[in-house]
Amino acid sequence: MNKIISKRRFSEKVFQFEIEAPLIAKSRKAGHFVIVRVGEKGERMPLTIAKADVKKGTITLVVQEVGLSSTRLCELNEGDYITDVVGPLGQATHIENFGTVVCAGGGVGVAPMLPIVQALKAAGNRVITVLAGRSKDLIILEQEMRDSSDEVIIMTDDGSYGRKGLVTEGVEEVIKREKVDKCFAIGPAIMMKFVCLLTKKYEIPTDVSLNTIMVDGTGMCGACRITVGGKTKFVCVDGPEFDGHQVDFDEMLKRMGAFRSIEHRKMQKLHP
Ligand code: FES
């Protein structure tokens, strides 16, 4: 059981939880994730660690209410307990001094991007961060990103904050302006797919962090399998980060939609 130390609401459906998990806080690195379960029979939900405070013994997770399990988690409050939090899991982000790096974060994908931006900056990179969301209230962790980036570009679909346009437009503007050595993209699968199509055109190596359906998180069940460069990979043990130019996003999108109708029925039971 892991206690919720604080809960912060970013927008109607996006919440930040600070959770007591001293051992995970101590050993986590950028890119690592945890698997969270709410209730004994709850679904196992992978969430990337946004921050960790070793002194307080806490980790920070950002959750968007999208389905049954995330809704159950978002209904918990400060002082409540999460049934279990397992981790840190996965491979840490490969960080080095690449030169100039563009980090594109969409929606809640900005949360797992934060430790990567911080680590890239600490390694001496020039870091340009592009934050994107449908509207102003879906742009999260802006100040934290400004503190760790050389420049922050904000793009909203409806133009309610920053500039009106898609994340790819913000990324391309930087590529046309200066030499970019590396790109990281984290967000909805469709957003990562289009960032990768763009950076492939300019031959800029791009890493993506994938958030597939997971069950055991240890490479045994196969639920998180994807195809990368024609080979089967497991997101939980081989990832969650991969060379975005090699990922078969269309197959991944199809697999992620496989349980949509069951999820919909269960959501109607929870909130009729
Ligand atoms: Fe089971 Fe990755 S979650 S193999």
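In this chain, residues are counted from 1 in sequence order. Below, each value reflects all heavy atoms present in this structure, side chains not excepted, and no hydrogens, waters or symmetry copies. Numbering of ligands and ligand atoms starts at 1, following listing order.
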Colleague: Does the pair Asp158/Lys136 count as a salt bridge with the N-to-O cut at 4.0 Å?
Modeller: no
Colleague: Under 3.5 Å, is there a donor-acceptor pair between the Thr48 and His32 side chains?
Modeller: no
Colleague: To the closest 0.5 Å, what do you measure between CZ (Phe234) and SG (Cys221)?
Modeller: 8.0 Å
Colleague: Taking salt bridge (charged side-chain N to carboxylate O under 4.0 Å, His left out) as the test, write out the residues that go with Glu18, two or more places apart.
Modeller: Lys56
Colleague: Could you walk me through whether Ser6 and Glu78 pass the side-chain hydrogen bond (donor to acceptor under 3.5 Å, both in side chains) test, one step at a time?
Modeller: CA-CA 5 Å; Ser6 69; Glu78 196 174 304; 5.6 Å; no
Colleague: Would you say the side-chain atoms of Lys233 pair up with the backbone N or O of Arg225, donor to acceptor, closer than 3.5 Å?
Modeller: no
Colleague: Everything protein-side that's N, O or S and under 2.8 Å from atom 1 (Fe) of ligand 1: list it, residue and atom.
Modeller: Asp216 OD1, Cys221 SG
